[in-house]
Amino acid sequence: MAKMNMLHAINSALDITMAEHPQACIFGEDVGYFGGVFRATSGLQEKYGKHRVFNTPLTEQGILGFANGLAAFGAPALAEIQFADYIFPAFDQIVNESAKFRYRSGNEFNVGNLTIRTPYGGGIAGGLYHSQSPEAYFAHTPGLKVIVPRNPYQAKGLLRAAIKDDNPVLFFEPKRLYRASIGEVPEEDYTIELGKAEVVQQGTDVTLLAWGAQMEIIEDAAKQASEQGISCEVIDLRSILPWDVEAIAKSVTKTGRLIVSHEAPITNGFGAEIAATIGQECFLHLESPIMRVCGLDTPYPLALEKEYVPDALKVLAAIKQSMDF
Amino acid sequence: MSNPNNVSLNINHKLEFIDGNALTIPTLSILTEDGEIHTGATAPDISKHTAIKLYETMRFIRLLDERMQGAQRQGRISFYMQCLGEEAAVTASAAALDQNDMIMAQYREQAALHYRGFTLDQFMNQMFSNELDLGKGRQMPIHYGSKALNYMTISSPLGTQIPQATGYAYGQKIKHIDAKTGELASTIDNITICYFGEGAASEGDFHAGVNMAAVHQAPVIFFARNNGYAISTPADEQFKGDGIASRGVGYGIKTIRVDGTDALAVYAATKKAREIAVSTGEPILIESIAYRLGAHSTSDDPSGYRSKDEEANHQVCPIDKFRKWLIKQDWLNEADDVKAKESIREEILAALKRAEVVAKPALEELISDVYDTPIPSLQRQYEQLKAHIKLHPDAYPVTAGRIK
């Protein structure tokens, strides 16, 4: 085991992949010699050469179009979109092409070798265009898998699983935690199964559910709630699509209460899907309505970021409201 | 070029603009309308076998297009697209390739697929969305694809295959990398050809794909079929400058324009382009100039946007042109040709009748291939649907009797 931050863990997962498959390619804006604006690909061009780790022109649709073709050929395509905010020019290539390749061709062709990495989320004073959490757009598209790690250990294990998975996977990396989150990470290869949630803390009164950077917030809220005698079960969804309905339903059956928290705007956010599904699965076990603590339905702001974000205090208020219902 | 701007700094002290139409590109033409070789032109080295196969493919596709247009009018299939007027452009370019080169087509390139060996029954099964369709009945008619024949399954969104072709071709190149040194081999064995219309060249994907191929030297032949119309929009409302070819030069790649009604010119240009791509890894752009003799699709009516006079002025039949040359070569006999057409028509009708009565795909194909294996939510939805259909079999006659 070694101490790694999230960027080191991601770099390690990519390094293992590059060594494993001679045709694997890493590409995106500035990922070559520079190692990406966050340095997630540092040192890989020196190690694997400029034909396999390279800068692309500034064209997100080009990066994903190229990635779809390379993956269809059979080479592991490790595409980076520099910020999740800039994934939208590639939306058509992801939603109409990556997601539908296998289905529309009757499995004559597929892009299972495609993995798209992109930093997402706020907390870095990035304003409208360096802070968005667009996971719900992609979770609405059959054919994609959508994954969000919360710490370095998960980042490496889930990224390796995403790369090995025989489906196109979007891997959203919480950029606020890139350097802030440090933990023990095995240097050797390992994977964490996709599609499974993790119960981070057992509890009996209320289930708190989040993913990625928002996990820190709900863990903080759970701690404050416990000081007031409320026992929270804290769950990290980890995999947005497919998502672990069974684990969440099991927890809510036990606690009778559910609060989902995400940074993205509340309307049509992935919390809406969770609330609807768990509402149906656990209707007779619920002690209070399922609540959501999310971003407002505004673009992600700059100066008033603290007011906008679903912070621990807002989650704590929701916990109390749920308990008092 | 050694400066950071990647330009040749040819300093000029006069205020001058280069005109947007300054670049004019010649059109390679080898065959005359009478099937003769133009004075000064050289016929490409093409074997009798290849020439006959090329001709037979064009002839077959013309007859298939005619029949399926009719089948759509009769309501037997929902949609069709002909390649009327562009048979030579598509077939001769495909004939100049290796069978293992990848074809990424737009939608009007059925001749390239047939040249590779896609059978009449395979065409019909796709168009009738039956259980024998390789695409499992999921896409509209004409969205063919075949892994065995290296023909990427067609997708409806325009232009998306262009950057994909660059990525695929890059894979064909990276396959030859030396894992130890990281160096690429000097030649490669296969390349990709990417077909698209002049309208698709307006999409961002075109710029993205061609630019990336140029920068990263992907061995792809971009084959622009400039047929004058994108549905109802004429080319002069689609772009300025000298056709699509001038864009290839702008992106810094080797470019040629050919007469798309001239099978020999298309064959010669594509053959040479392939040689360059295989030996250097470079991308090439070929612009084929033809005229879309038919409608865009069966949902379109060109009489609403172009005149009979215009259509009459462009009635060049690429198949006739090539036939005349073959007859002059003594490689084709006219009487045999007429007889063959009759029997092909009969075969097409028989295949149509066969495909029409084949069962639709089974219910389980509704959820297969979304992922490599159905995810739990999808499996649950499927179980619910199955239970529902079992309760109401009369409402779902196509699948009810076959649920496992």
Side-chain angles (χ1 to χ4, degrees), chain A residues 22-25 27 47-52 54-57 59-75 77 89-90 92-93 96-97 99-112 142-145 165-168 194-195 241-246 277, chain B residues 102 104 133-139 143 145-148 151-157 159-175 177-179 181-184 192 204-205 207-209 211-213 215-216 218 361 365 368-373 375-378 380:
Chain A
Q23 288 160 31
C25 291
F27 47 93
K47 205 162 168 183
Y48 298 103
K50 60 184 186 337
H51 297 303
R52 294 182 56 206
F54 50 87
N55 294 334
T56 61
T59 167
E60 289 77 14
Q61 76 179 132
I63 294 168
L64 259 301
F66 181 95
N68 280 328
L70 186 64
F73 174 76
D92 182 46
Q93 281 288 348
N96 270 330
E97 301 289 317
K100 297 174 175 65
F101 234 92
R102 191 192 305 265
Y103 192 76
R104 73 180 180 208
S105 72
N107 203 22
E108 287 287 290
F109 299 94
N110 74 78
V111 293
L144 301 174
K145 292 193 177 181
D165 191 89
D166 198 18
N167 298 284
L194 305 184
L241 190 70
W243 69 283
D244 197 343
V245 178
E246 208 182 341
T277 303
Chain B
M102 175 52 74
M104 301 248 209
D133 167 25
L134 294 177
K136 301 182 187 169
R138 290 168 184 155
Q139 293 208 73
H143 289 66
S146 165
K147 177 90 177 165
Y151 192 94
M152 184 70 73
T153 303
I154 305 294
S155 141
S156 300
T160 51
Q161 79 280 15
I162 302 171
Q164 288 171 14
T166 300
Y168 199 96
Y170 195 81
Q172 289 168 318
K173 187 166 104 161
I174 203 90
K175 188 182 141 198
I177 200 165
D178 184 316
T181 64
E183 292 305 313
L184 292 168
T192 297
D205 278 314
H207 168 73
N211 188 42
M212 285 183 76
V215 170
H216 290 290
E365 302 296 7
S368 68
D369 305 325
V370 180
Y371 296 92
D372 57 339
T373 52
I375 62 174
S377 55
L378 191 49
R380 270 197 303 278

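Fair warning: this is a prediction, and the values are worked out from it, not measured in the lab. Reminder, nothing fancy here: chain letters follow the sequence lines and each chain counts from 1.
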Mind checking whether A/Phe73 and B/Tyr168 have parallel, tilted or perpendicular rings, split at 30° and 60°?
perpendicular
Can we call the ring centroids of A/Phe27 and B/Tyr170 under 6.0 Å apart?
no
Name the region of A/Asp92, side chain, backbone, both or neither, that has any atom closer than 4.5 Å to a heavy atom of chain B.
side chain
Part of A/Leu64 within contact of chain B (heavy atom distance under 4.5 Å):
neither
What part of B/Ser377 gets within 4.5 angstrom of chain A, counting heavy atoms only: side chain, backbone, both, or neither?
neither
Would you please name every residue forming a side chain to side chain donor-acceptor pair (under 3.5 Å) with A/Asp166, sequence neighbours left out?
none
So, the part of B/Ser156 with a heavy atom under 4.5 Å from chain A: the answer is neither
Side chain from CB out, backbone as N, CA, C, O: work out which of these in B/Ile174 comes under 4.5 Å of a heavy atom of chain A, or both, or neither.
both
Taking side-chain contact (heavy atoms from CB on, under 4.5 Å) as the definition, give me every residue that meets it alongside B/Lys147, ordered by chain and number, with sequence neighbours left out.
A/Glu108, A/Phe109
Counting heavy-atom pairs under 4.5 Å with chain B, the top scorer among A/Phe101, A/Trp243, A/Tyr48 is A/Phe101
Taking A/Arg102 as the fixed residue, which of B/Thr153, B/Asp372, B/Val370 is the one that meets the side-chain contact (heavy atoms from CB on, under 4.5 Å) rule?
B/Asp372
What are the two closest non-hydrogen atoms of A/Gln93 and B/Pro163, and how far apart are they?
NE2-CG, 3.6 Å
Got a donor-acceptor contact below 3.5 angstrom from the B/Arg138 side chain to the A/Tyr103 backbone?
yes
Apply side chain to side chain donor-acceptor pair (under 3.5 Å) to residues A/Glu97 and B/Gln161 and explain how you reach the verdict.
CA-CA 9 Å; A/Glu97 301 289 317; B/Gln161 79 280 15; over 6 Å; no
Relative to chain B, which segment of A/Ala67 carries a heavy atom at a distance below 4.5 Å: side chain, backbone, both, or neither?
neither
Examine distances only and state if a side-chain atom of B/His143 and a backbone atom of A/Ser105 form a donor-acceptor pair shorter than 3.5 Å.
no
Taking every heavy atom of A/Gln61 against every heavy atom of B/Asp205, the minimum-distance pair comes out as NE2-OD1, 3.1 Å
Please flag which part of B/Leu134 lies under 4.5 Å from any non-hydrogen atom of chain A: side chain, backbone, both or neither.
both
Could you measure the distance from the CZ atom of B/Arg380 to the OG1 atom of A/Thr277? Nearest 0.5 Å is fine.
8.0 Å
Side chain, backbone, both or neither: which part of B/Gln172 has an atom under 4.5 Å from a heavy atom of chain A?
both
